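No experiment lies behind these values; they were computed from the predicted model shown. Just follow the structure's listing: the first ligand is 1, and inside any ligand the first atom is 1.
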Amino acid sequence: MFHNKIPIFALQFKNFSKMGVLKRIKIKDVLDSGAVGSEVLIKGWVRFFRNNRFIVINDGSSINNIQAVADESVINAELIKKITVGASVAVTGKLVESQGSGQSVEIIASHVEVIGVADPEKYPLQPKKHSLEFLREIAHLRFRTNIFGAVTRVRHAMIFAVHEFFTKKGFVNIHTPIVTGSDCEGAGEMFRVSTLDAKNPPLKEDGSIDYSKDFFGRETNLTVSGQLEGELAALAMSDIYTFGPTFRAENSNTARHLAEFWMIEPEMAFYELTDNMDLAEEFLKYLLNYALENCIEDLQFLSKRQQEEEKNKPQDQRSMELIEKIKFVIDNDFARITYTEAIEILANSKPAKKNQFQYPIKGFGTDLQSEHERFLVEKHFKRPVILTDYPKEIKAFYMKQNQDGKTVRAMDILFPGIGEIVGGSQREESLEKLENRMKELNLPVDEMWWYMDTRRFGSVPHSGFGLGFERLMLFISGMGNIRDVIPFPRTPKNAEF
Ligand code: 4AD
Ligand code: MG
């Protein structure tokens, strides 16, 4: 899709002309080629069928459809009945400059075949505006909508760009385990993985479940993060990253939380917090830039969608136009302040003074809520913000402790409209300090012997962060609900499809 577009296309054309047999070409390639006069074969799904003559087809390769014009000599009454919205078709014909407005080229069909019919009485997707909520109920078909097609293509581009960014920088991709025996990340409630008979589990003498009889001989869960294993790799390979699914059984039914989401977690040896912030900022800007350079048609479509949706909102609640917003983030340095400074700004803010925050700011130690994060980003700094040096009580055990004894070398990156998009830190490299903190928190130091070993043998300063992939997708696509940027969302009470 992104590489050697023209050579691949040229090759396809050459191939079919040489062998005298037409090969199917993706609609995007046909449109990009402008190869007027060529015979083409396209396959896809009918989006519209007008006047028993104009078949508008999309195959998912582009937001743009192609129109085929078919005369009675090509489609008889029998066939016309079968060409309905959602049916799959193969069309052969000559590519010509389009007569109508809205498209540059169209196909004068010489042959039309219906591959699979779609009963118009039953097909749920009609060519009209469906609500996003309705589309979630037919997640198996929503790939066929413009919105979801665009989101899906941008999502793919971002996956590719993640790997490209880190590969260019000499990072090594690590697959960390999905089933894990460690539960002390502290990032959230975990889903248990077990093959024990739920109705009749083996019990220990004290009546508790005997997990030594379970599949792995111990209690296991789905991972909440690949970080701890990532650290093991970084302390040998220097720079690594993971990009995998993570699972959190929190019952938070919000527009920004999923129970199953994808996270990118780089981990770097010899990096201190500032290096970590620099990398995260460069990384985010790289991804946004990549989207602008490679997905502009989809972004333009998504931008229009967002503006339509926001028409009904009062002026001051509308967000910046999507592409303008992406460029704005690329062009501006992220603000960098400490948690303590943020609390001061928030305590002196208008909403705090007017008691407008749902969760009041109670000085140092207050866990920031998304309303606070969004105030800092959208109202105060008006650009992304990196908050550092949080109170140790509200952050994970592994974060490097500051001299003040109160704060840790944490960093959260906050984005407009999203709140927290990245969470990370410098890690505590001192065995003694790490052990003491774990004991304070009643964490099983002995069970974590493998993690402690990295501090025991050749420990070094190191840092890392996690980027929530769907939070990034929310920002780039301008969609308002995280359920609409992942193909099959997993949220409380929802795991169909
Ligand atoms: O801040 P979190 O919990 O950090 C970690 O898991 C660290 N182990 C990362 C690291 O340092 N390697 O999660 C990281 C990011 C958040 O900033 C957010 O973008 C996203 O993951 N995230 C979620 N996204 C969707 N649904 C959820 N329930 C999420 N929880 C976190
Ligand atoms: Mg976090």
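The residue from Lys400, Arg455, Arg456 that alone fulfils the salt bridge (Lys or Arg N to Asp or Glu O under 4.0 Å) condition with Glu429 is Lys400. Among the candidates Phe165, Phe243, Phe465, the single residue satisfying the side chain to side chain contact (heavy atoms under 4.5 Å, CB included) test with Ile264 is Phe243. Tyr398 pairs in a side chain to side chain donor-acceptor pair (under 3.5 Å) with only one of the listed residues (Arg427, Gln426, Gln227), which is Gln227.
Numbered from 1 in the order shown, with element, the atoms of ligand 1 that lie under 4.0 Å from a heavy atom of Glu265 read 7 (C), 8 (N), 9 (C), 10 (C), 12 (N). The distance from ligand 1 to the heavy atoms of Arg427 drops below 4.0 Å at these ligand atoms: 10 (C), 11 (O), 12 (N). Taking every heavy atom of Gly424 and a limit of under 4.0 angstrom, the matching atoms of ligand 1 come to 11 (O). Residue contact check: Gly466 has heavy atoms under 4.0 Å from atoms 9 (C), 10 (C), 11 (O), 12 (N), 14 (C), 15 (C) of ligand 1. Of all the atoms in ligand 1, the ones that sit under 4.0 Å from a non-hydrogen atom of Gly423 are 1 (O), 9 (C), 10 (C), 11 (O), 17 (O). Shown in contact with Tyr398 at under 4.0 Å from a heavy atom are these atoms of ligand 1, numbered in order with element: 7 (C), 8 (N). Residue Val422 has at least one heavy-atom neighbour below 4.0 Å for each of these atoms of ligand 1: 17 (O). Each of the following atoms of ligand 1 lies closer than 4.0 Å to a heavy atom of Arg256: 25 (C), 26 (N).
The shortest N/O to N/O separation between Ser425 and ligand 1 does not fall below 3.5 Å. For the pair His257 and ligand 1, the shortest N or O to N or O distance does not fall below 3.5 Å. On a distance-only criterion, Glu267 and ligand 1 share no N/O pair closer than 3.5 Å.
The Mg ion (ligand 2) does not have Asp412 among its coordinating residues (no N/O/S atom, backbone or side chain, under 2.8 Å).
Under the 4.0 Å criterion applied to side-chain N and carboxylate O atoms, Asp278 and Arg336 are assigned as salt-bridge partners. With respect to the salt-bridge test (charged N to carboxylate O, under 4.0 angstrom), the residues Lys395 and Asp412 qualify.
Counting non-hydrogen atoms of other residues, nucleotides and ligands closer than 6.0 Å to NZ of Lys327 gives a total of 12 or fewer. In the displayed structure, Glu432 atom CD is contacted under 6.0 Å by at most 12 heavy atoms of other residues, nucleotides or ligands.
Between the side chains of Thr454 and Glu231, no donor N or O sits under 3.5 Å from an acceptor N or O.
Side-chain contact between Lys325 and Phe475 is present, with heavy atoms from C-beta onward closer than 4.5 Å.
Here atom 26 (N) of ligand 1 lies nearest to Leu258 when heavy atoms of Leu472, Asp412, Leu258 are compared. Between Phe465, Phe415, Phe469, Phe261, it is Phe261 that holds the heavy atom closest to atom 21 (O) of ligand 1. By heavy-atom distance, the residue among Met411, Glu231, Arg248, Lys395 lying nearest atom 6 (O) of ligand 1 is Arg248.
Judged purely by atom type and a 3.5 angstrom limit, Asp275 uses its side chain to pair as donor or acceptor with the backbone of Glu272.
Shortest distance from the Mg ion (ligand 2) to Glu420 is reached at OE2 (N/O/S atoms only).
The closest approach between Glu420 and ligand 1 falls below 4.0 Å for a heavy atom of the residue.
Contacts with ligand 1 closer than 4.0 Å are made by no heavy atom of Arg490, backbone or side chain.
Atoms CZ and CG, from Arg409 and Asp389 in turn, are 4.5 Å apart once rounded to the nearest 0.5 Å.
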